[in-house]
Each structure stands twice: as C-alpha cells, then as structure tokens.
Amino acid sequence: MTTEAPKKPKVLVILHQHCSSPGRIGRILTSLGYALDVRRPRFDDPLPETLEGHAGAVIFGGSMSVNDSEAWIRREIDWIGVALKEEKPFLGVCLGAQMLARHLGHRVCVHPEGRVEVGYYPIHPTEQGHRVCGRRFPDRVYQWHREGFDLPNGADLLASGQDFEAQAFRYGPCAYGFQFHPEVTLPMICRWSARRSERLVAPGARPLHRHLAGWLRHDRAIARWSDAFLRSWIEAGEPQTAAVGPTPPRDAAPAYS
C-alpha cells in the first residue's frame with residue numbers, strides 16, 4: 001500500500017502590477033510542489049493575518065517606491081512583521097527588500113548622484129553569503145532599481161555593491177532581502193526594457209544590448225544558485241515535511257528562462 005505524501009502548504013506571492021509574474025522563483029517553487037497564493041494588495045487583495053497556512057512569503061518588485069504615500073504600501077511594510085514574528089521564510093526582491101529594510105527602521109533613498117542600476121552588475125558576496133545554500137553566491141546579477149539602502153541594524157550582509165551597499169542581507173533565521181532580481185527571465189528583461197525604456201538612459205544604466213549579452217553569459221549560474229537557495233530557504237520553514245516524499249536531485253536542470 002502506497003502512502004501519499006502530505007500536501008505542501010502554499011507560498012504567498014505578493015505582486016504589484018496586473019501583468020507582474022513571479023518568473024523563475026515561481027517556477028522553482030511550483031516544481032518543488034508548492035502552490036502559489038498570488039495576491040496584489042495594490043488592487044485591494046487582502047493580506048493574511050497569519051502565515052500559519054503558508055510555507056513562506058515572497059514580496060516582489062515594482063515601479064513604485066517605499067517612500068510613496070499610498071496606504072497599501074504602508075500596509076505591506078507593516079505586514080512583514082507577521083512573517084518575522086512567526087519566523088516564516090520571507091523573501092523580499094527589489095521593492096520587497098526595500099520594504100523589509102523600511103520595516104526594520106532603515107531609510108530607503110536614491111543615490112546621491114542620481115545613479116541607477118539597470119542591467120547586469122558585479123556584486124561582492126560575503127563568506128556568509130556563500131554559505132546560505134549549497135552553491136556559491138553569484139557575483140554578477142540583474143538589477144532594475146533607482147533606490148537602495150544600507151545594511152539594516154541586526155542584519156547579516158550577504159553581498160554588497162558599489163553604488164548601493166546592501167545587495168543581499170538576512171535578518172533573523174529565514175528572512176532575506178535581495179536588491180537584485182534572481183527571478184528575471186529573458187522575456188521579462190525584454191518586457192521591462194520595452195515598457196520602461198527611459199530607465200535605459202538614466203545615469204549608470206546599461207544599454208539594452210548589454211542586458212541581452214549579460215543574460216547569455218550569467219543567467220545559467222544565477223538559475224542554478226536560485227534553485228539551490230530556494231530549496232534551502234523554503235525547507236527552513238517546513239522541517240517536519242522536508243524529508244517526506246521524493247526529493248528532486250540537486251543537480252536537476254533549473255528553469256533558465
């Protein structure tokens with residue numbers, strides 16, 4: 001008699017535009033057996049009062065700023081306290097990382113010289129960064145932001161950058177903030193570049209041909225690291241189910257695009 005493995009809880013996914021996608025992160029999580037509970041608070045979707053029924057939560061990016069005055073932005077920033085209090089796996093990507101930094105009492109601001117990061121840029125992982133999962137932290141990543149932050153108090157620096165210091169950090173046992181975009185796919189790069197072409201000529205931005213060349217050169221390493229990181233991250237919140245059922249091999253081909 002075969003006993004079915006218990007069904008895994010959902011992962012809360014918070015997006016900020018009608019057309020937004022969780023990209024590679026969403027595909028990796030679903031490949032691990034987690035359904036996605038997609039919500040858009042900007043368009044009046046409610047946020048759960050507890051994450052008891054969720055394996056973790058991811059807040060993705062958007063063109064808005066944590067410094068904007070909309071009430072839904074403040075609600076999202078405040079809501080992060082639910083994940084931190086319950087010690088559920090939490091991941092903030094770009095705007096989501098800035099929301100985490102703001103929740104921790106840190107300011108988020110533009111570069112003093114008006115510089116942005118749009119395209120592929122080098123970052124400098126720390127030894128702690130290299131130890132977060134079974135693969136070494138990538139040293140070249142895709143960026144799309146004009147604001148940033150220093151390392152929040154009490155956080156561990158996982159990777160730093162030249163124009164914006166805190167590129168990746170961990171707070172507590174399983175809350176992470178990534179200023180860069182590990183979820184990005186080639187169609188997403190093309191869509192963002194077409195819809196926000198003015199960002200490509202801002203100070204410090206890379207021209208589009210370097211985005212495409214960077215994807216060909218760096219995406220495979222980012223994809224493999226993302227797969228290893230997300231396995232480690234999500235399993236940290238589900239110790240009772242991590243060993244149940246067959247586990248895909250860690251050398252399985254990740255989703256590249």
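Values in this document were obtained by computation on a predicted structure and should not be read as measured data.
Ring orientation note: the planes of F137 and W225 are tilted relative to one another, at an angle of 30° to 60°.
The minimum heavy-atom distance between W144 and C94, with the atom names listed, is O-SG, 3.6 Å. Here the closest non-hydrogen pair linking P41 and R75 is O-NH2, 4.4 Å. The shortest heavy-atom contact between G154 and Y171 is O-CD1, 3.8 Å. Considering every non-hydrogen atom in both D78 and H103, the closest pair reads O-CE1, 3.7 Å. Residues V132 and S232 share a closest heavy-atom pair of O-OG, 3.3 Å. Among all heavy-atom pairs drawn from K8 and G33, the shortest one is CB-O, 3.9 Å.
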Item to complete: List the steps and the verdict of salt bridge (charged side-chain N to carboxylate O under 4.0 Å, His left out) for R74 and E76.
Response: CA-CA 5 Å; R74 173 52 56 189; E76 276 193 43; over 6 Å; no
Could you please spell out the steps behind the side-chain contact (heavy atoms from CB on, under 4.5 Å) verdict for D163 and E113? CA-CA 10 Å; D163 286 331; E113 298 177 3; over 6 Å; no
Does the pair D156 and R170 meet the rule for a salt bridge (charged side-chain N to carboxylate O under 4.0 Å, His left out), with working shown? CA-CA 5 Å; D156 298 318; R170 178 177 57 214; 3.6 Å; yes
Does the pair I123 and Q143 meet the rule for a side-chain contact (heavy atoms from CB on, under 4.5 Å), with working shown? CA-CA 11 Å; I123 59 173; Q143 309 269 19; 4.1 Å; yes
request  = Please report the C-alpha distance between E183 and S21 in whole Å, then the side-chain angles of each, then the deciding distance to 0.1 Å, and finally whether the side-chain contact (heavy atoms from CB on, under 4.5 Å) criterion is met.
outcome  = CA-CA 9 Å; E183 85 281 15; S21 164; over 6 Å; no
Verify side-chain contact (heavy atoms from CB on, under 4.5 Å) between I77 and W72, making sure each step is shown before the conclusion. CA-CA 9 Å; I77 293 171; W72 66 266; over 6 Å; no
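Side-chain contact between I222 and R24 is present, with at least one heavy-atom pair separated by less than 4.5 Å. Residues R199 and R146 meet the side-chain proximity criterion, which asks for heavy atoms closer than 4.5 Å. Side chains of Y176 and V93 form no contact here, defined as non-hydrogen atoms less than 4.5 Å apart. Side-chain contact between R39 and L12: present, with at least one pair of heavy atoms (C-beta onward) separated by less than 4.5 Å. At a threshold of 4.5 Å between non-hydrogen side-chain atoms, the residues P152 and F169 count as touching. F90 has its side chain within reach of I59: a pair of non-hydrogen atoms, C-beta onward, lies under 4.5 Å apart. The side-chain heavy atoms of V116 and H145, taken from C-beta on, include no pair separated by under 4.5 Å. With a 4.5 Å cut-off on side-chain heavy atoms, I25 and P182 count as touching.
Using a 3.5 Å distance cut-off with no hydrogens or angles, the side chains of H54 and D37 do pair a donor with an acceptor. Side-chain contact annotation: H130 with R136, donor-acceptor N/O pair under 3.5 Å present. A donor and an acceptor atom, one from each side chain of H211 and Y142, are located under 3.5 Å apart. At a cut-off of 3.5 Å, with distance as the only test, no side-chain donor of N67 or R107 sits close to an acceptor on the other residue.
Here the CG atom belonging to L15 is positioned 5.0 Å from the CZ atom belonging to R40, to the nearest 0.5 angstrom. The CG atom of L157 sits 11.0 Å away from atom NE2 of H124, with the distance rounded to the nearest 0.5 Å. With rounding to the nearest 0.5 Å, the separation of CG in L104 from NE2 in H106 is 9.5 Å. To the nearest 0.5 Å, atom SG of residue C174 and atom CD of residue E87 are 6.5 Å apart. To the nearest 0.5 Å, the span separating CG on L95 from OG on S63 amounts to 9.0 Å. Put simply, CG on L36 and CG on L29 are 6.0 Å apart, with the number rounded to the nearest 0.5 Å.
Crowding of N153 atom CG: a count of heavy atoms from other residues, nucleotides or ligands under 6.0 Å not exceeding 12. When the shell of 6.0 Å around CD of Q162 is examined, it contains 12 or fewer heavy atoms from other residues, nucleotides or ligands. Crowding of E49 atom CD: a count of heavy atoms from other residues, nucleotides or ligands under 6.0 Å not exceeding 12. Annotation for R217: atom CZ does not count as buried by contact number, only 12 or fewer foreign heavy atoms lying within 6.0 Å.
Remark: the backbone N or O of A159 is not paired with any side-chain donor or acceptor of T126 at under 3.5 angstrom. Remark: side-chain polar atoms of W79 are paired, donor with acceptor, to backbone N or O of P48 under 3.5 angstrom. A distance-only check finds a donor-acceptor pair linking the side chain of D68 to the backbone of S65 [under 3.5 Å]. When atom types are taken as modelled, the side chain of H16 and the backbone of G61 share a donor-acceptor pair closer than 3.5 angstrom. Side-chain atoms of Q128 do not come within 3.5 Å of backbone N or O of L158 as any donor-acceptor pair. Distance alone, capped at 3.5 Å, is enough to place a donor-acceptor pair between the T30 side chain and the G26 backbone.
I14 and L230 fall into different hydrophobic clusters, where Ile, Leu, Val, Met, Phe, Trp and Tyr are joined by side-chain heavy atoms under 4.5 Å apart, directly or via other members. At a threshold of 4.5 Å between side-chain heavy atoms, the hydrophobic network of Ile, Leu, Val, Met, Phe, Trp and Tyr places I28 and V58 in one connected group. Both V141 and F60 belong to a common hydrophobic cluster when Ile, Leu, Val, Met, Phe, Trp and Tyr are linked at side-chain heavy-atom distances under 4.5 angstrom. The hydrophobic clustering, which links ILVMFWY residues whose side-chain heavy atoms are closer than 4.5 Å, places L100 and F180 apart. Under a hydrophobic clustering in which Ile, Leu, Val, Met, Phe, Trp and Tyr are joined whenever their side-chain heavy atoms come within less than 4.5 Å, directly or via other members, V82 and L47 fall into the same cluster.
Ring to ring, Y120 and H218 are close: their centroids are under 6.0 angstrom apart. Ring pair H111/F164: centre-to-centre distance below 6.0 Å.
Taking the ring axis of Y121 as reference, the NZ or CZ atom of R206 stays within 45° of it and closer than 6.0 Å to the ring centre.
The one candidate from Q167, E147, Q98 that meets the side-chain hydrogen bond (donor to acceptor under 3.5 Å, both in side chains) condition with Q179 is Q98.
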